[in-house]
Amino acid sequence: MTPEPATDAAALLLGWYDRHHRDLPWRISPPMARKGAVADPYHVWLSEVMLQQTTVKAVKAYFQKFLALWPTVGDLAAADTEDVMKAWAGLGYYARARNLKKCAEAVVRDHGGRFPDREEELKALPGIGDYTAAAIAAIAFNRRSAVLDGNVERVISRLHAVETPLPAAKPEMRALVHTLTPLGRPGDFAQAMMDLGATICTPKRPACSLCPFRADCRALKIADPETFPRKAPRKEKPLRLGAAFVAIDDCEAVYLRKRPETGLLGGMTEIPGTEWTSRRDGDTSVDAHPFPAPWEPCGTVSHVFTHFELRLSVFRASVVRVSEGGAGAGAAPAGTSGWWEPLDSLKAQALPTVMKKAIAKAIPHAFAAG
DNA sequence: AACTCGGGGCC
DNA sequence: GGCCCAGAGTT
């Protein structure tokens, strides 16, 4: 009886992984995994959430910082949400940080502080979807779950020359991955597929001659592997315009406020500004000013979001803040809940990158080292 | 099924 | 300048 081809391919991949795996902070080594050891579910979960649509390089430092601040899921559950948002600032997709906190609370409240070990229960937790549930089940609990992310989609679509375009092809691809997943070391298999996609089976100019699947790859046989996976054409990004206002007082403090909890940059900190609209001129009229001050234009900053591009006209004003009383809140607009933040502590705020860009345009030394 | 949600690196 | 990245939640 000859072995299943799938088993052969998985064995080839695991052999490749043993030789070429990357040493990452949230991983245990393949030798340990072969002895049946698994990584800490808290570490696996934290890394997988951070890695959603985010590169390994960007995640490393944040992962270490979070572990130092909150060593266990219980610590994170007990943390101040605002501190979590500050620690997450710069990593993007801020709903992940809000859901991270909610998930930690749910694990403590509903599961006694231990992550559940089944896909279904994991997927019921905030911020854990198809991919992350499968990844945690496989990597932290040795379950034979089908792990399908962007890397695996590329690998599996090339291996089988899947003609169906994404995202419609996902169920088909998940089934193919499930068939390929071995009984032993399913966690290493999943990570090996992702490593292969990240280092060999790359979007452009894949290194097919180094690939453990080179003898089995349908795309390599019949077509150009680079043309997989097939994808539906995406629509273009519109341009939005707006104005942002950097007020600096006589104590070198900048006026900040908090954005609404939901929506774009939800729960993060910002400088005052206009709505971001599609009008060609942008709204930089007096009506747009957050409060009366000698506003002076100091240039524009551009920033690209997932579904639109933003061009912000930045204005700066030096204001003298009256210390006491109603007039003191002062220069600030009535009915808003902003605050004055000293330049020294600006870096520690929950400021998204676009806001840092705008502040730096108005105050070039705002984020200077030291 | 289509949108909304960041930011950075690479080509 | 476009594409991609260990995707999830909402509508």
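Letters A, B, ... are given to chains in the order of the sequence lines, protein chains preceding strands, and every chain is numbered from 1.
Between Arg257(A) and Glu270(A), at least one side-chain N (NZ, or NE/NH1/NH2) sits under 4.0 Å from a carboxylate O, which counts as a salt bridge. Under a 4.0 Å N-O distance rule, the pair Glu309(A)/Lys237(A) does not qualify as a salt bridge.
Here Leu196(A) lies out of heavy-atom contact (under 4.0 Å) with every strand. Residue contacts shown for Trp88(A) are absent, as no nucleic acid heavy atom lies under 4.0 Å away. Heavy atoms of Pro167(A) sit nowhere under 4.0 angstrom from any nucleic acid atom.
Nucleotide dC4(C) holds its C1' atom 7 Å from the NZ atom of Lys231(A), rounded to whole Å. Lys170(A) places its NZ atom 12 Å from the C1' atom of dA6(C), with the value rounded to the nearest Å. The distance between atom CG of Leu46(A) and atom P of dA6(C), rounded to the nearest whole Å, is 17 Å. Following rounding to the nearest Å, Arg98(A) (CZ) and dA8(C) (C1') show an atom-to-atom distance of 12 Å. Taking atom CZ on Arg27(A) and atom C1' on dA6(C), their separation rounds to 9 Å, with Å as the unit. The separation between Glu48(A) atom CD and dA6(C) atom P is 10 Å, rounded to whole Å. In this entry the distance linking CD of Glu226(A) with P of dC4(C) reads 10 Å, nearest Å.
The ring pair (Phe, Tyr, Trp, His ring centres under 6.0 Å) analysis of residues 115-144 of chain A, with sequence neighbours excluded, yields the pairs Trp45(A)-Phe115(A). For residues 190-200 of chain A, every residue pair satisfying the side chain to side chain donor-acceptor pair (under 3.5 Å) rule, not counting sequence neighbours, is listed here: Arg22(A)-Asp195(A), Arg27(A)-Gln191(A), Arg27(A)-Asp195(A).
Applying the side chain to side chain contact (heavy atoms under 4.5 Å, CB included) test to Arg185(A) and every residue at least two apart in sequence or in another chain returns Leu14(A), Tyr17(A), Asp18(A), Pro30(A), Arg34(A), Asp188(A). Remark: Ala247(A) engages Tyr255(A), Phe291(A), Trp295(A), Trp340(A) in a side chain to side chain contact (heavy atoms under 4.5 Å, CB included) (not counting sequence neighbours). When the side chain to side chain contact (heavy atoms under 4.5 Å, CB included) test is applied to Thr164(A), the partners found at least two apart in sequence or on another chain are Val162(A), Ala168(A), Ala169(A), Glu172(A). Under the ring pair (Phe, Tyr, Trp, His ring centres under 6.0 Å) criterion, His20(A) pairs with Trp16(A), sequence neighbours left out.
When the options Met194(A), Met193(A), Glu48(A) are evaluated for a side-chain contact (heavy atoms from CB on, under 4.5 Å) with Val147(A), the one that passes is Met194(A).
Under 4.0 angstrom from either OP1 or OP2 of dC4(C) there lies at least one side-chain N or O belonging to Arg234(A).
Residues of residues 28-43 of chain A that place a heavy atom closer than 4.0 Å to DNA chain C do not occur. Non-hydrogen atoms lying under 4.0 Å from DNA chain C are contributed by Gly129(A), Asp130(A), Tyr131(A), Thr132(A), Asp149(A), Gly150(A), Asn151(A), Arg154(A), all within residues 129-160 of chain A.
Across dG8(B) and dG9(C), the matching P atoms stand 24 Å from one another, rounded to whole Å. One P atom belongs to dT11(C), the other to dG6(B), and the distance between them is 16 Å to the nearest Å. dA6(C) and dT4(B) are spaced 25 Å apart, taking the P atom of each and rounding to whole Å.
Residue Met32(A) is found in a hydrophobic cluster whose other members, listed by chain and number, are Ile28(A); membership requires side-chain heavy atoms under 4.5 Å apart, directly or through intermediates.
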Side chains of residues 352-359 of chain A: which donor-acceptor partners sit under 3.5 Å, not counting sequence neighbours?
| from | atom 1 | to | atom 2 | distance (Å) |
| --- | --- | --- | --- | --- |
| Lys357(A) | NZ | Ser302(A) | O | 3.0 |
| Lys357(A) | NZ | His303(A) | ND1 | 2.9 |

When the side chains of residues 56-77 of chain A are checked against the rest of the protein, which donor-acceptor pairs come out under 3.5 Å, sequence neighbours left out?
| from | atom 1 | to | atom 2 | distance (Å) |
| --- | --- | --- | --- | --- |
| Tyr62(A) | OH | Ala89(A) | O | 2.9 |
| Lys65(A) | NZ | Ala87(A) | O | 3.1 |
| Thr72(A) | OG1 | Gly74(A) | N | 3.3 |
| Thr72(A) | OG1 | Asp75(A) | N | 3.1 |
| Thr72(A) | OG1 | Asp75(A) | OD2 | 3.0 |
| Asp75(A) | OD2 | Thr72(A) | N | 3.1 |

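Along DNA chain C, the nucleotide nearest Leu24(A) and the nucleotide nearest Lys123(A) are compared for position; the residue whose nucleotide lies closer to the 5' end is Leu24(A). Nearest-nucleotide assignment on DNA chain C puts the 5′-proximal partner with Gln191(A), out of Gln191(A) and Ile128(A).
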Starting at the 5' end of nucleotides 3-8 of chain B, put B wherever the base has a protein heavy atom under 4.0 Å, S where only the sugar-phosphate does, and a dash everywhere else.
-SBBBS
